[in-house]
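One structure below.
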4 protein chains.
Amino acid sequence: MSNCCDKREEIFRAALELIAEQGFHGAPMAMIAERAGVAAGTIYRYFENKDALIVDLFHEIDDKIGAVIMQDYQQAKPLRERFHHIFTTLARYFVNHPLHFRYIEQFHNSPYGVEFKRDILQRKTGDCHIYRDLLEEGVVQQVIKDLPMPILFALAFGPLKVVVRDHILGFVALNDELIDKLMAACWDGIRR
Amino acid sequence: MSNCCDKREEIFRAALELIAEQGFHGAPMAMIAERAGVAAGTIYRYFENKDALIVDLFHEIDDKIGAVIMQDYQQAKPLRERFHHIFTTLARYFVNHPLHFRYIEQFHNSPYGVEFKRDILQRKTGDCHIYRDLLEEGVVQQVIKDLPMPILFALAFGPLKVVVRDHILGFVALNDELIDKLMAACWDGIRR
Amino acid sequence: MSNCCDKREEIFRAALELIAEQGFHGAPMAMIAERAGVAAGTIYRYFENKDALIVDLFHEIDDKIGAVIMQDYQQAKPLRERFHHIFTTLARYFVNHPLHFRYIEQFHNSPYGVEFKRDILQRKTGDCHIYRDLLEEGVVQQVIKDLPMPILFALAFGPLKVVVRDHILGFVALNDELIDKLMAACWDGIRR
Amino acid sequence: MSNCCDKREEIFRAALELIAEQGFHGAPMAMIAERAGVAAGTIYRYFENKDALIVDLFHEIDDKIGAVIMQDYQQAKPLRERFHHIFTTLARYFVNHPLHFRYIEQFHNSPYGVEFKRDILQRKTGDCHIYRDLLEEGVVQQVIKDLPMPILFALAFGPLKVVVRDHILGFVALNDELIDKLMAACWDGIRR
DNA sequence: AATGAATGAGCATTCATTCAT
DNA sequence: CATGAATGAATGCTCATTCAT
């Protein structure tokens, strides 16, 4: 019984590592299985096929990040403080879970990712709604520039994505101080 | 002679279209050859292997963009005007050449891209030097925030990348007015 | 005990259905087990392996058909009446048990089937002896053509096999009248 | 150029042998390739996939048989002589090409075969029309019993199929004399 | 130079069978 | 006895690359 979850977890871990580090190309099922310490066929007891494994793993990570952000998120706090919370929590999460960040990037840059984004747009589903709610509230309060949502989103979080990438590749060394400065600059970008 | 360049050009065009639209997965050499109107083996007369083709094509595009930006770039103009020029030229280029944008994205999100960025860091080569020079000048003049270069870079151009992506996927409709507003916001992000 | 036989029976039923309808390809052990309402491993308590299951199931069916024919078979009746009995009993059985017919066909058209027929020839075993006795008696009595047994057999029952197949696939609609006519024609084929 | 046809021919030959002798199960693509003296991937230059190879090979054989029968077939001859021609030509062809016979049997006893027969019924296509025309003509002339076509067909050619099978498996030794007797008996079966 | 047929390693997936519980 | 998770060999198919013409 504990075995059950262990195996699934191990497969997730193996897939995460390989895909994050080598891309989808560098992660054949046999290699995932080997690294997970299971037989190749075993993966198919837990996931219908490779696509399902990839999508499930993404949602796993996505949910985890959503949970981390929601934890300690206080709706009552002022807008800027809430932005600070989300931004720094996200930044620290990625710094502490570089594989998760790399995986998400790989995922979004693949047929799966585009499909997924299209779904979000249509069904208005997904976890982005916190970000969106925050930004929309700011627009209404005339604290944040009146621009289309995708543009505000890009201004608020686009730089973070690039910087985390550079951090992971060793081009910058992110720390709490730098994250704060980055956050402040992004706030300058979106505030009126 | 013209034949020579035509073939190479056709191979480039075919590879660009297929990779930009379908990703590396959807662009087997045989398909590239077919779309280019040449035999599969012919590609290997012009490029050592698939990797070389991909890298060369990236540099081709990268150089073209660099040229477009340098054209009409006036070193004598004030900092903000130069930033405006670079930003809007880049934005319009991507809007007008979505395949180039998609290709660059695919490239950066692949083993090739990481390798490439590592090279840039080591050899201090690449075309980024205009961007960097501009930003460094701004820092010295105390017009731009005193932050590490990768962070300034991310603030200045990170949002553009995200927005162009959304534009191509149909989530926003970029036009000159919106590009100007985006530019202004990015400037707010980096300026003191 | 009744449990024991139930399980075995269920496995037989599941295998029969799947193999008759989908062929050997469409009947993995796991699927047979699922349809039988037992675990995959359980099958191996009742049958050594898949081959044994297939062969045993064939004999089960074959025996049942033999029994149905022997029931009401009256050795004392005239030759033609006995032929009539066998022929129509067989035809009706197949019409009423299309899965049995399909299974037998699948079986005979497989490595198992050839092996089986070879056994029959060598060991002179099997249930065919009634058919053979009948035909041989007819030859002796000079009622039936003096031809090698396999040829008489083919003339007597070959058409039935083809017609039942067509009936099951929906190409003809067999009924008692048509079965009688078919039988009569086959009798014409073998009688002097 | 001759190479091209050789390869295709070799693949056909290898597939024919393996499938006829071992069934579809015993004929993996790799084994077909090896026996054909080509690489595994080469098969896919000539056939889209395994299914296409199987279906194409069937049509190849089917066409060949149709051609052999049509050659020397004289529409002007009396019914019974034409039946004699078709029957014995068919019989001799199968005796001389046992692999073709086995292949056709395997094919008809597979999803492909059922699909194929369904096509024939619907489109009234295929080469069976000669047989059918002959039988229908006989019915009109009141030389042949007035029975549904599938039944006449089964009476006329069903025994042949069974006997050829037995011949190939070594249970009878067909020769011209025996073929003639078999034909005569089948004629007895269908004639009034 | 150009061709494109041929190659064969590599991949995702299936499934009969085993064995610890 | 029964279970069903785990196994891993086997299969159909793809595709970057080579080389004889």
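In what follows, chains carry the letters A, B, and so on, assigned in the order in which the sequence lines appear, proteins first and then strands, with residues in each chain numbered from 1.
The C:Ala40 side chain lies nearest to F:dG4 when the options are F:dA16, F:dC13, F:dG4. For B:Pro28, the listed nucleotide lying nearest its side chain is F:dC15; candidates were F:dC15, E:dG4, E:dA16. Among F:dA2, F:dG4, F:dA16, the nucleotide with an atom closest to any side-chain atom of C:Arg45 is F:dA2. Checked against F:dT3, E:dT13, E:dT7, the side chain of C:Ala39 finds its nearest nucleotide in F:dT3.
At whole-Å resolution of the value, CE in A:Met31 and P in E:dC11 are 7 Å apart. If you take CD of B:Glu48 and P of F:dT17, they are 9 Å apart, rounded to a whole angstrom. A:Phe24 places its CZ atom 21 Å from the P atom of F:dT14, with the value rounded to the nearest Å. Going from atom CG of B:Asp51 over to atom P of F:dC15 covers 16 Å, rounded to whole Å. When the C1' atom of F:dT14 is taken as reference, atom CD1 of B:Ile32 falls 15 Å away, rounded to whole Å. Here the C1' atom of nucleotide E:dA16 and the CD1 atom of C:Ile43 are 10 Å apart, to the nearest Å. With rounding to whole Å, C:Glu34 atom CD is found 15 Å from F:dT3 atom C1'. Here E:dT14 presents its P atom at 16 Å from NZ of D:Lys50, a figure rounded to the nearest Å.
By the 4.0 Å N-to-carboxylate-O rule, D:Arg13 lies close enough to D:Glu17 to be salt-bridged with it. With respect to A:Glu105 and A:Arg165, a salt bridge is recorded, a charged nitrogen being found less than 4.0 Å from a carboxylate O. Electrostatic pairing of A:Lys7 and A:Glu10 does not count as a salt bridge here, judged by no charged N lying under 4.0 Å from a carboxylate O.
Sequence order on DNA chain F of the closest nucleotides to C:Thr42 and D:Gly41 puts C:Thr42 first from the 5' end. Each of C:Ala27 and D:Gly37 was matched to the nucleotide of DNA chain E holding its nearest heavy atom; the match closer to the 5' end belongs to D:Gly37. Each of C:Val38 and B:His25 lies near DNA chain F, and the nucleotide nearest C:Val38 is the one positioned closer to the 5' end.
The shortest distance between the side-chain N/O atoms of D:Lys7 and the OP1/OP2 oxygens of E:dA6 is below 4.0 Å. A close approach under 4.0 Å does not occur between any side-chain nitrogen or oxygen of D:Tyr44 and OP1 or OP2 of E:dA6.
Nucleotide E:dC19 forms a pair with F:dG4, judged by Watson-Crick or G-U wobble geometry with both contacts under 3.5 Å. Across every strand in view, E:dA9 sits in a pair with F:dT14 that passes the Watson-Crick or G-U test at under 3.5 angstrom. Across all strands shown, E:dA1 has no partner, as no Watson-Crick or G-U wobble contact with both distances under 3.5 Å is found.
A donor-acceptor pair under 3.5 Å links the side-chain atoms of A:Tyr103 to the main chain of A:Ile54, judged by distance alone.
D:Phe47 and D:Phe12 have their aromatic ring centers within a separation under 6.0 angstrom.
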